[in-house]
2 protein chains.
Amino acid sequence: MIADETTDRAGEWTERQKAVLDVVLALLVEIGDAVTMTAVARRASCSKETLYKWFGDRDGLLSATVQWQASKVHVAAFDRNTLDAGSLEARLAEYAANWLRVISGERSIALNRVAISHAGAARSTLGDIVLRHGRFALGKRMMPVLEAGAEKGLIAFDDREEAFRTFFGLIARDVQIRLLLGDTLAMDEAAIIADAARATRQFLALYAPEARPVQTRPRLRTLT
Amino acid sequence: MIADETTDRAGEWTERQKAVLDVVLALLVEIGDAVTMTAVARRASCSKETLYKWFGDRDGLLSATVQWQASKVHVAAFDRNTLDAGSLEARLAEYAANWLRVISGERSIALNRVAISHAGAARSTLGDIVLRHGRFALGKRMMPVLEAGAEKGLIAFDDREEAFRTFFGLIARDVQIRLLLGDTLAMDEAAIIADAARATRQFLALYAPEARPVQTRPRLRTLT
DNA sequence: GCCGAACCGTAACGTACGGTACGGTTTGAT
DNA sequence: ATCAAACCGTACCGTACGTTACGGTTCGGC
């Protein structure tokens, strides 16, 4: 979950409201969508009437929770002028590692679960919100890096969106769906760093510029 | 969702029970986890008492539904003896296309949503069942192909599970998570075929054997 | 201090649903 | 035909929960 500056409401909440949203987050991690307004009110020492006054309804409270959580995740900017092959790879690996940390974090798992379980319902916008703060926010942040890399002749692609989607697939592979379905998948920091590096190397191999000397290509056997 | 021969119970149900499970499937597609036992009983012209007698409880009914749906999906075997570069690529692309058809199908989406929304609950095994019939079943079927390809020197990898997971990521990319969260993503037959071919070419490029002549490599610019 | 708004803890309302019970009908075996 | 089991449609039970209401307390502005 990543902050999305264009539509975030995080700046509009009081500290008290944010404390309530932290309670919702904790409860979502503990019991998922089984969280009741009564449970939130009790744990947050807040009346249900106030909850409804502040957030509208249950869906509104959940939406606010997603946005609040997303506002806590910040991604570093990058310097376009100093980008070279080494810093491109480092930057991409950093994005990849951050994404893996997000999707394997218990909060993101809980929020995605809730949003997915509401996605069939006609009135819920949770799925849109999670996508906007998740996959699409990541794309928005990474795209300038990809473009800068292409401008500098470090990578090459016909369609930047396709290139991003492929990198996305190389990063997450089967991790997110397994975690969402309850699989126990070890994603400690070492695994995350290694996976991010692997994904980045694979991505750069697939999208190496054609003019690049063939013998300087990474040895593909090291990619597994 | 793919049949898993070792634990399937599909063969144990009567035609009447299968008809009921089809009703559950249809309702899951229409209204997701909001499906009630009363709605199932009414649509299937079946009493709730009978539902409980046949399937135990609500979770049992949902589990049976996953297994029933999975039993309907069959994957063709492959001939190990005649495998060459062309047929390896064709075979992998076929697996990839099948997988994309499955995950973009409304039934699979509905079943994954239900399983994910239950995955936090302590007592539900839906997540395990869906994984077993999904990602893990695909792996089980594809692994012999990857191994045969490696034996024939058509591809090379240090760790077959890692190779499979990367291929999995290249196939699905961001498709499944977007569909689960309610995004409208065009996955018509043409898109599926193209995506499967792209993923296969990318996979084969990443895992080409080292001894293979460099100039015969696919042009990576065509991969986007 | 006064006063209205905001908020808390609790009660109440209306609806919903998983699961069980019941009377009657149907089915299958003898 | 008889009889027990299986099944259907409906009622019932107990619990649950989103949402609103209420009396009292706290807070903030004047």
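By convention in this document, chain letters (A, B, ...) are assigned in the order of the sequence lines, proteins followed by strands, and residues within each chain are numbered from 1. The structure displayed is predicted, hence computed values, not measured ones.
Rounding to whole angstrom units, CG of residue Asp57(B) and P of dG18(C) are separated by 11 Å. Separating the CZ atom of Phe55(B) from the P atom of dC7(D) is a distance of 10 Å, rounded to the nearest angstrom. With rounding to whole Å, Asp33(B) atom CG is found 10 Å from dG18(C) atom P. Spacing between atom CG of Leu62(B) and atom C1' of dG19(C) amounts to 15 Å, rounded to whole angstrom units. Regarding Glu49(A), its CD atom lies at a distance of 13 Å from the C1' atom of dA12(C), rounded to whole Å. In this structure, Arg42(B) atom CZ and dG9(D) atom C1' are separated by 11 Å, rounded to whole Å. A straight line from CZ of Arg58(A) to C1' of dA16(D) spans 13 Å, rounded to a whole angstrom. Atom P of nucleotide dC8(D) and atom CE of Met37(B) are separated by 13 Å, given to the nearest angstrom.
Applying the 4.0 Å criterion to OP1 and OP2 of dC7(D), one finds that Ser47(B) has every side-chain N and O outside that range. In this model, the phosphate group of dC7(C) is approached by a side-chain N or O of Trp54(A) to a distance below 4.0 Å at OP1 or OP2. Distances shown here put every side-chain N or O of Arg16(B) at or beyond 4.0 Å from the OP1 or OP2 atom of dT26(C).
To the nearest 0.5 Å, atom CD1 of residue Ile177(B) and atom CG of residue Asn112(B) are 10.0 Å apart.
Residue-to-nucleotide proximity on DNA chain D shows that, of Thr38(A) and Leu51(B), the 5′-proximal contact is made by Leu51(B). Along DNA chain D, the nucleotide nearest to Ala34(A) and the one nearest to Cys46(B) differ in position, and the one closer to the 5' end is contacted by Cys46(B).
Comparing dT20(D), dC8(D), dG9(C) by their nearest atom to the side chain of Tyr52(A) picks out dT20(D). Relative to the side chain of Ser45(A), the nucleotides dG9(C), dA11(D), dT20(D) differ in distance, and dG9(C) lies closest. Side chain of Lys48(A), nearest nucleotide from dG18(D), dT19(D), dC7(D): dT19(D).
Across all strands, Lys53(A) comes closer than 4.0 Å only to sugar-phosphate atoms, never to a base (heavy-atom distances).
Sequence neighbours left out, the pairs with a member in residues 184-194 of chain A that pass side-chain hydrogen bond (donor to acceptor under 3.5 Å, both in side chains) are Arg101(A)-Glu189(A).
Around CD of Glu30(A), the count of heavy atoms belonging to other residues, nucleotides or ligands within 6.0 Å exceeds 12.
In this structure, a donor-acceptor pair under 3.5 Å is absent between the side chains of Arg113(A) and Ser117(B).
Of the possible donor and acceptor atoms, none in the side chain of Thr50(A) sits under 3.5 Å from a partner among the backbone N and O of Cys46(A).
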